[in-house]
Amino acid sequence: MRPLTATTGEQRGRRVPQQASPRGTFLKIANAVKARVDADPDMTVLPSVAELMSDHNISRGVVLRAFEVLQREGVAAPVPGGRWRVVRPGERDDRRPLEERIADVIADEGLDAGAAFPSASVLAERFGVSRPTVTKALDKLEAAGVLASGGQGRVRTVRAVPNREERS
């Protein structure tokens with residue numbers, strides 16, 4: 001029986017390719033993304049996880065760690081159901097629940113009871129979140145009696161115009 005010894009590929013005559021150490025990779029990615037944000041003042045959302053994985057040949061975990069660094073540095077913030085958004089110094093950050101921000105659309109656009117309400121797709125684009133996330137918020141507004149469901153393929157309508165003080 002042969003004794004157990006640690007051997008590398010080189011010791012057995014084969015060359016094993018060296019891989020870069022993952023330590024610090026997330027910091028390099030965070031710095032690269034931060035540089036892109038600084039270079040593009042119109043950038044409102046970070047590149048997607050999939051884009052960064054593909055562009056830098058890294059794992060999802062490395063991208064998420066880089067996003068955490070950007071969040072700690074105040075460069076980005078997560079959006080439930082959507083892509084991470086860019087945070088600019090001096091910008092007002094509305095952290096109210098999505099259903100409250102959507103309810104503000106009624107007053108902002110001067111909608112009266114019975115008026116057609118914007119679609120989930122339009123609202124998803126406007127608030128930078130996914131359509132399913134908007135649908136959940138719309139369901140909450142329907143349950144509160146603010147909106148009337150149009151049913152599948154039908155337009156939602158405003159049932160009641162909320163006072164801003166009621167939602168504060």
Does V155 form a side chain to side chain contact (heavy atoms under 4.5 Å, CB included) with F117? I'd like the steps, not just the answer. CA-CA 7 Å; V155 177; F117 198 72; 5.7 Å; no

Is there a side-chain contact between I102 and V134 (heavy atoms, below 4.5 Å)? yes

Measure the spacing between CZ of R101 and CG of D108 and express it to the nearest 0.5 Å. 12.5 Å

For residues A120 and L138, report the shortest heavy-atom separation together with the two atoms involved. CB-CD1, 4.1 Å

Can you list everything that forms a side-chain contact (heavy atoms from CB on, under 4.5 Å) with K140? Sequence neighbours excluded, please. E99

Kindly indicate, with the supporting measurements, whether the criterion side chain to side chain contact (heavy atoms under 4.5 Å, CB included) is fulfilled by L98 and T133. CA-CA 9 Å; L98 181 60; T133 300; 3.8 Å; yes

side-chain contact (heavy atoms from CB on, under 4.5 Å) partners for V122, two or more places apart: P118, S119

side-chain contact (heavy atoms from CB on, under 4.5 Å) partners for D139, two or more places apart: T135, E142, R156

What one should report as the nearest heavy-atom pair of D112 and V158 is O-CB, 3.5 Å

With R60, which residues qualify under salt bridge (Lys or Arg N to Asp or Glu O under 4.0 Å), at least two apart? none

Side chains of V105 and F127: closer than 4.5 Å at any heavy-atom pair? yes

Could you list the donor-acceptor pairs under 3.5 angstrom formed by side chains in residues 43-59, with sequence neighbours left out?
residue, atom, partner, partner atom, Å
S48, OG, E51, N, 3.0
S48, OG, E51, OE2, 3.3
S59, OG, V62, N, 3.4

Any idea which heavy atoms bring V37 and V86 closest together, and the distance? CG1-CG1, 3.6 Å

Applying ring pair (Phe, Tyr, Trp, His ring centres under 6.0 Å), which residue pairs with at least one partner in residues 29-48 are found, sequence neighbours left out? none

Exercise: identify the closest heavy-atom pair between P78 and Q71: CD-NE2, 3.4 Å

Nearest heavy atoms of A76 and V87, plus distance in Å: C-CG2, 3.8 Å

Which residues pass the ring pair (Phe, Tyr, Trp, His ring centres under 6.0 Å) test with F67, not counting sequence neighbours? W84

CZ-CG distance between F26 and N31, expressed to the nearest 0.5 angstrom: 10.5 Å

Which residues share a salt bridge (Lys or Arg N to Asp or Glu O under 4.0 Å) with E109, sequence neighbours left out: R126

Salt bridge (charged side-chain N to carboxylate O under 4.0 Å, His left out) pairs, two or more places apart, involving residues 31-48: K34-E73

Identify the two heavy atoms, one from V69 and one from A30, that lie closest to each other, and give their separation to 0.1 Å. CG1-CB, 3.9 Å

